[in-house]
Amino acid sequence: GSFTFSGFYTAQAPNASRRVGYADYLLGQVQSYSSSNRPIMGNRQTQHQLFVQDDIKVRPNLTLNLGLRYQTMGGWREKHNNMGTFDPTIMNPVTKTLGAMWFAPNNGRPALQKTIKDIFLPRLGVAWTVGQNWVVRGGFGVFTQPWSQDWYASGASGLGAALVCGTSDSTQLTPRFIFSDSNPNLNCAQASRDPGGYNGQSVSFYPYDTPAARNFQWSLSIQRKFG
């Protein structure tokens, strides 16, 4: 948590211009306190992958290398469902319009992204010997990249799971609490998991139907033997 020691309570007069916050600290006189504590996150993502490859000698001087990768891409989820994001398809209970917060595993959405089960990534390679001294080599492949947690889940992880505390003295006359207090009122509350609880606030948005990226790569080289 964060404590503020202003020096108001040890000053010679109320609202004095000269004060020392360290003096309040020595006496444990706190002007304000704030904290936001989240449980340890257990984010999960599942992928299944299969790769097959074979070399086919079409002619004595021509070889093809054929490959195919198949994989699934599972959406991010949290072990204890401590995850949430904006969803434009959910009815907002406050405004009665579409667009509200989703919290796992509500609304038939178990994860942040929808699992993709049709990712096929072909690969092709060729080696062609021309005459005695020339070789032509080429390749083509389709690749994908995983949904990294930093880019595809960081803003949703732990949303609605934090215990938020905050209390402050605005009178500058009486400390909000003192360190020696056995049970100070820290004004703590559990973060909201209400679909309309974040209206007017800045929130993250991770589309449920996020597509899997596909990168196309190719290469071509010509080699000649000398000597």
Side-chain angles (χ1 to χ4, degrees), residues 1-2 33-54 66-95 97-123 140-166 186-217:
S2 175
Y33 169 80
S34 64
S35 67
S36 179
N37 300 300
R38 295 193 310 177
I40 297 176
M41 296 294 102
N43 291 345
R44 303 285 191 271
Q45 186 194 39
T46 302
Q47 295 185 22
H48 300 95
Q49 302 185 20
L50 174 68
F51 182 72
V52 293
Q53 175 182 305
D54 195 13
L66 303 178
L68 177 66
R69 176 180 292 276
Y70 166 77
Q71 72 174 79
T72 64
M73 188 89 73
W76 280 103
R77 63 190 188 281
E78 203 278 327
K79 182 178 180 181
H80 303 288
N81 291 323
N82 292 324
M83 183 171 282
T85 188
F86 175 78
D87 190 326
T89 67
I90 297 177
M91 181 64 66
N92 193 303
V94 178
T95 63
T97 58
L98 290 178
M101 297 303 296
W102 162 83
F103 295 96
N106 299 334
N107 305 94
R109 180 178 176 177
L112 202 56
Q113 294 88 13
K114 183 179 180 179
T115 298
I116 300 178
K117 300 180 179 180
D118 58 351
I119 304 176
F120 295 92
L121 308 170
R123 313 289 166 81
F140 171 80
V142 183
F143 302 83
T144 188
Q145 61 186 36
W147 292 329
S148 70
Q149 179 177 328
D150 291 341
W151 287 97
Y152 290 87
S154 61
S157 180
L159 187 67
L163 181 66
V164 181
C165 304
L186 301 180
N187 193 30
C188 295
Q190 189 69 36
S192 174
R193 287 178 64 91
D194 188 323
Y198 292 80
N199 288 358
Q201 301 182 40
S202 176
V203 295
S204 63
F205 172 50
Y206 296 94
Y208 185 53
D209 291 304
T210 299
R214 281 178 169 78
N215 302 319
F216 299 85
Q217 301 181 23

Given Trp76 and Ser154, is the side-chain contact (heavy atoms from CB on, under 4.5 Å) satisfied, shown in steps?
CA-CA 10 Å; Trp76 280 103; Ser154 61; over 6 Å; no
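The two atoms that bring Ile116 and Pro211 nearest to each other are CD1-C, 3.9 Å, heavy atoms only. Heavy atoms only, all atoms of each residue included: Arg38 and Gly158 are closest at NH1-CA, 3.6 Å. When all heavy atoms are compared, the tightest approach of Leu112 to Thr85 is CD1-CG2, 3.7 Å. Of all heavy-atom pairs between Pro195 and Ala100, the closest is O-CB, 3.3 Å. Leu186 approaches Cys165 most closely through the heavy-atom pair O-CB, 3.6 Å. In plain terms, the two heavy atoms of Arg69 and Gln49 that are nearest each other are NH1-OE1, 2.9 Å.
Under the 3.5 Å distance criterion, the side-chain polar atoms of Arg77 are left unmatched by any main-chain donor or acceptor of Pro105. Between the side chain of Asn92 and the backbone N or O of Thr97 there is no donor-acceptor pair closer than 3.5 Å. At least one donor-acceptor pair under 3.5 Å links the side chain of Asn187 to the backbone N or O of Gly166. Counting only distance, with no hydrogens or angles, the side chain of Tyr70 and the backbone of Lys117 share a donor-acceptor pair below 3.5 Å. Side-chain atoms of Gln45 do not come within 3.5 Å of backbone N or O of Pro146 as any donor-acceptor pair.
Under 3.5 Å, the side chains of Ser35 and Tyr33 contain a donor-acceptor pair of N or O atoms. Between Asp87 and Asn107, the side chains place no donor N or O within less than 3.5 Å of an acceptor N or O (distance only, hydrogens not considered).
To the nearest 0.5 angstrom, His48 atom NE2 is 5.5 Å from Thr72 atom OG1. Here Arg44 contributes atom CZ and Gln149 contributes atom CD; the two are 10.5 Å apart, rounded to the nearest 0.5 Å. Rounded to the nearest 0.5 angstrom, Leu98 CG and Ile90 CD1 are separated by 9.5 Å. Here the OH atom belonging to Tyr198 is positioned 4.5 Å from the CG atom belonging to Leu159, to the nearest 0.5 angstrom. Taking CD of Gln47 as the reference point, atom CH2 of Trp147 lies at 9.0 Å (rounded to 0.5 Å). Here the CH2 atom belonging to Trp102 is positioned 8.5 Å from the CZ atom belonging to Arg193, to the nearest 0.5 angstrom.
Between Val142 and Leu121, some side-chain heavy-atom pair lies under the 4.5 Å cut-off. The closest side-chain heavy-atom distance from Met73 to Thr210 is not below 4.5 Å.
Annotation: side chain to side chain donor-acceptor pair (under 3.5 Å) contacts of Arg123 (sequence neighbours excluded): none.
Ring geometry, Phe86 versus Phe205: the interplanar angle exceeds 60°, so the pair is classed perpendicular (tilted spans 30 to 60°).
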